[in-house]
Amino acid sequence: MKPILVDAHLDLAYNAVVLGRDLLRPVGEIRSLEAEMPPPGGAAGSCMATLPALLEGRVAIVGGSLFIAPDFKGAQEPQVYRTPQEAHRYAIQQLDYYRRLVDENEHVVLLSTAVDLDAVLASWDTEQPQLGLFVVMEGAEPILTPGEVGWWVERGLRGVGLTWLMGTRYAGGDVVPGPLTDEGRRLLAAMAGYNLLLDLSHLWEEAAYEALDRYPGPVAATHANPRAFVDRPRMLPDTLIRRIADCDGVMGVIPYNRMLDEDWRPGDARLPLTRLVEVIDHVCQVTGAARFVGLGSDFDGGFGREAVPEGIESSADLGKLGALLAERGYTDVDVAAILSGNWLRLLRRVLSDF
């Protein structure tokens with residue numbers, strides 16, 4: 001039987017609430033509809049991630065984000081926030097989408113506890129597999145004060161990234177540099193009280209190192225690639241990758257051509273899927289094991305099918321990586337760890353306190 005997969009980062013709620021995509025439809029239907037009427041914003045790309053595609057690809061668990069873009073010069077997002085209060089309101093709309101999705105579809109489960117995780121995994125041995133949603137906030141601006149963390153946790157939040165590329169009140173981002181702020185340090189302390197996952201994706205490098213020094217709980221970069229392949233602040237240097245491994249964390253790599261090859265530009269031929277295998281192998285070599293890397297596709301997070309490696313048409317195709325990793329010499333145990341086991345270990349660590 002083919003292995004199950006975990007995809008640690010998908011902007012599912014953003015695609016549904018902001019772009020208006022019906023994620024219960026097959027990918028092909030959405031593409032056909034959008035050929036006639038493109039989604040707002042004009043930069044979404046061809047849809048890749050819907051519930052049918054995820055289930056077809058045996059993706060058992062996804063990190064469902066709460067993502068709201070700030071208003072900044074050149075912003076092309078169809079919805080942006082200008083104040084923390086707006087960010088708060090928009091994030092609630094996305095969280096409500098996930099909760100409705102769970103309420104209305106018996107094959108979707110909100111992962112609030114370790115019991116939920118076990119039930120979803122067990123369902124893949126039946127004829128009615130379920131998709132587990134692990135909710136992570138991408139950019140903490142919707143959290144109005146650190147004291148509000150518990151309110152979000154009660155509603156299903158299980159991980160927080162302090163910032164997005166433009167930075168927040170809590171820390172600098174990969175485009176707008178800045179350290180952790182005092183408010184950011186207080187937010188980390190509040191998160192630690194609930195054992196939430198700290199997501200380092202998009203965090204300015206200086207802030208990331210301080211966060212790792214301060215945060216006692218589980219850490220990851222749910223969607224990030226090594227700077228060894230593309231030398232930009234968005235990518236992680238090897239020293240930071242090692243620090244994540246020192247915390248027994250996981251780095252989720254992104255099958256996005258612009259984050260796999262320094263010279264790739266939109267309109268160029270798609271890269272071979274073996275390039276993503278090279279990225280995975282780099283993380284394994286840097287950390288000395290296959291224990292600290294997984295997938296965080298970020299599909300439909302500002303790019304679509306046109307910008308991913310050849311052979312990946314939708315989330316249904318992520319499992320192709322298994323055979324390519326085996327060809328590179330990875331054992332069945334290591335392949336299973338990369339495709340799902342590493343993330344499952346970390347998610348169980350988070351959920352064990354609930």
Side-chain angles (χ1 to χ4, degrees), residues 1-9 54-63 114 117-118 120-125 129 131-132 134 197 218-229 235-236 238-256 259-260 271-299 308-312 315-352:
M1 181 178 292
K2 294 180 180 179
I4 61 169
L5 283 77
V6 174
D7 187 341
H9 187 85
L54 290 163
L55 292 171
E56 181 184 347
R58 296 183 59 80
V59 181
I61 310 290
V62 299
L117 177 62
D118 288 337
V120 167
L121 296 177
S123 77
W124 284 85
D125 292 326
L131 178 71
F134 182 88
L197 180 69
V219 300
T222 61
H223 57 302
N225 282 6
R227 197 173 295 176
F229 288 78
M235 319 305 164
L236 304 190
D238 290 350
T239 51
L240 187 52
I241 295 172
R242 292 190 190 97
R243 286 291 306 276
I244 293 171
D246 289 343
C247 298
D248 202 26
V250 181
M251 176 178 175
V253 297
I254 308 175
Y256 178 28
M259 295 179 68
L260 296 172
L271 297 175
L273 189 53
T274 51
R275 178 61 58 86
L276 185 62
V277 174
E278 293 170 12
V279 168
I280 292 171
D281 186 63
H282 178 85
V283 178
C284 294
Q285 299 304 321
V286 163
T287 61
R291 181 179 175 85
F292 310 108
V293 65
L295 303 177
S297 76
D298 203 12
F299 287 162
V308 304
E310 193 70 39
I312 301 294
S315 295
D317 297 314
L318 280 172
K320 292 180 179 179
L321 283 167
L324 295 177
L325 287 164
E327 288 176 9
R328 198 172 179 96
Y330 284 85
T331 66
D332 290 346
V333 171
D334 286 341
V335 170
I338 293 166
L339 295 182
S340 65
N342 294 335
W343 281 124
L344 293 176
R345 179 188 78 246
L346 190 60
L347 296 185
R348 193 172 298 281
R349 181 179 167 192
V350 176
L351 297 172
S352 63

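Predicted model only: the values in this text are computed from it and were never measured.
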Can you check side chain to side chain contact (heavy atoms under 4.5 Å, CB included) on V277 and L325, steps first, answer last? CA-CA 6 Å; V277 174; L325 287 164; 3.9 Å; yes
Write down the atom of [X], the atom of [Y], and the distance for their closest heavy-atom approach.
X    : Y    : answer
A60  : V120 : O-CG1, 3.6 Å
I61  : L344 : CG1-CD2, 4.1 Å
L339 : P3   : CD1-CG, 3.9 Å
S297 : P255 : CA-CD, 3.5 Å
V253 : I280 : CG2-CG1, 3.7 Å
P309 : L260 : CG-CD1, 3.7 Å

For [X], what residues pass the salt bridge (Lys or Arg N to Asp or Glu O under 4.0 Å) criterion, not counting sequence neighbours?
X    : result
D118 : R348
R227 : E205
E56  : none

Please check this pair: side chain of W343 against backbone of L295, looking for a donor-acceptor N/O pair closer than 3.5 Å. yes
Between W124 and L55, is a side chain to side chain contact (heavy atoms under 4.5 Å, CB included) present by the stated rule, with each step listed? CA-CA 10 Å; W124 284 85; L55 292 171; 3.9 Å; yes
Value rounded to 0.5 Å, distance of [atom1] in [X] from [atom2] in [Y]:
X    : Y    : atom1 : atom2 : result
L321 : L324 : CG    : CG    : 6.5 Å
L318 : F299 : CG    : CZ    : 4.5 Å
N342 : L347 : CG    : CG    : 10.5 Å
D298 : M259 : CG    : CE    : 8.0 Å
Q285 : T287 : CD    : OG1   : 8.0 Å

Evaluate the side-chain proximity of [Y] to [X]: yes if any heavy-atom separation is below 4.5 Å, no if none is.
X    : Y    : answer
L197 : R349 : no
P226 : M251 : yes
V6   : F134 : no

Stepwise side chain to side chain contact (heavy atoms under 4.5 Å, CB included) test for I241 and D238: CA-CA 5 Å; I241 295 172; D238 290 350; 4.0 Å; yes
Show every ring pair (Phe, Tyr, Trp, His ring centres under 6.0 Å) that has at least one partner inside residues 273-298, sequence neighbours left out. F229-H282
Salt bridge (Lys or Arg N to Asp or Glu O under 4.0 Å) pairs, two or more places apart, involving residues 320-343: D281-R328, D317-K320
Going by the rule side chain to side chain donor-acceptor pair (under 3.5 Å), which residues pair with N225 if we only count those two or more places apart in sequence or in a different chain? none
